[in-house]
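One structure below.
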Amino acid sequence: MLSKKKIGLLPGTFDPITKGHTDILIRATKFLDHLIIGVAEDIVKEPLFSSTERFDMTLREVESLKSCMDPLCHVEVKLFSGLLIGFAKTVQATVILRGLRAVSDFEYEFQMAGMNSYLSSEIETTFLMASDRYQFISSRFVKEIARLGGDISHFVSPYIKDALSQKFGSK
Ligand code: ADP
């Protein structure tokens, strides 16, 4: 019997992409044939970076991390708008991947996975637990620390750190 290709979709805002995100996506390449990183255009929360900026930054990060990823997994970054499940079907994803940090992520993620499974029962949602050293990282706090002039080197790559400095007009 031919085995079905495992196509994963990691959706998110990536405002901006952090080491927490990159840890999850590097690990996901180990068990997927194809990984699509979906950068959401329509988001309820007001993003700091435009969708084009978030897409470009994510693409650049992914390119720079190629050597850490499983070479057998094809990785792509795509912008999407509209319903996540609609995009997942368009790219023929077999699994939606999410990272789980603390218990506080659980309720939202649990509800989202339930709603998505109601909208499409063929697409499973799978969770990867955040690694210890990255589990407290969130784009929201990274932006807050950067805005107040704190050091974010442990949380993001030097390129993202510079992009944040430019946004907040500091060195
Ligand atoms: P959203 O805006 O939908 O929360 P994000 O861009 O914040 O999307 O994150 C995309 C995915 O990456 C989510 O599943 C989120 O839980 C996960 N993620 C974010 N930060 C981390 C982290 N530090 N460790 C593990 N997963 C993370």
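As the structure lists them, so they are numbered: ligands from 1, and atoms in each ligand from 1. Everything numeric in this text was worked out from a predicted model, so none of it was measured.
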Identity and distance of the protein heavy atom lying nearest [atom]:
atom	value
atom 24 (N) of ligand 1	A130 CB, 3.3 Å
atom 23 (N) of ligand 1	Y134 O, 2.7 Å
atom 2 (O) of ligand 1	T13 OG1, 2.5 Å
atom 21 (C) of ligand 1	R101 CD, 3.5 Å
atom 5 (P) of ligand 1	H21 NE2, 3.5 Å
atom 16 (O) of ligand 1	G99 O, 2.6 Å
atom 3 (O) of ligand 1	R98 NH2, 3.1 Å
atom 10 (C) of ligand 1	P11 O, 3.5 Å

Whether S131 lies under 4.0 Å from ligand 1, heavy atom: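 No heavy atom of S131 comes that close to ligand 1.
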
K45 to ligand 1, any heavy atom closer than 4.0 Å: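 Contact check K45 vs ligand 1: positive.
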
From CA spacing to verdict: side chain to side chain contact (heavy atoms under 4.5 Å, CB included), L9, L84: CA-CA 10 Å; L9 168 62; L84 169 63; 3.7 Å; yes

Geometric class of the F136/H154 ring pair [parallel <30°, tilted 30-60°, perpendicular >60°]: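 Answer is parallel, since the angle falls under 30°.
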
Parallel, tilted or perpendicular: rings of H34 and H74 (30°, 60°):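 Plane angle over 60°, so perpendicular.
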
From CA spacing to verdict: side chain to side chain donor-acceptor pair (under 3.5 Å), D151, S153: CA-CA 6 Å; D151 183 12; S153 316; 2.5 Å; yes

Per-atom contacts of ligand 1 with I24, taking only distances under 4.0 Å to non-hydrogen atoms: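 Answer, ordered by atom number: 25 (C), 26 (N).
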
Distance filter under 4.0 Å to F14 heavy atoms, resulting ligand 1 atoms: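 It comes down to these atoms of ligand 1: 6 (O).
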
Donor-acceptor contact below 3.5 Å, side chain D23 vs main chain K19: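 Here the side-chain-to-backbone pair does not exist.
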
Backbone or side-chain N or O of Y108 under 3.5 Å from ligand 1 N or O: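 No.
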
Side chains of K78 and F87 in contact at under 4.5 Å (non-hydrogen atoms):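 K78 reaches F87 side chain to side chain.
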
Heavy-atom side-chain proximity of F106 to R101 below 4.5 angstrom: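 F106 does not reach R101 side chain to side chain.
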
Pairs touching residues 118-127 that satisfy side chain to side chain donor-acceptor pair (under 3.5 Å), sequence neighbours left out: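 Output for this query is empty, none listed.
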
Neighbour count >12 (heavy atoms, 6.0 Å) for atom NZ, K66: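 Yes, because the 6.0 Å sphere around NZ of K66 holds more than 12 heavy atoms from other groups.
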
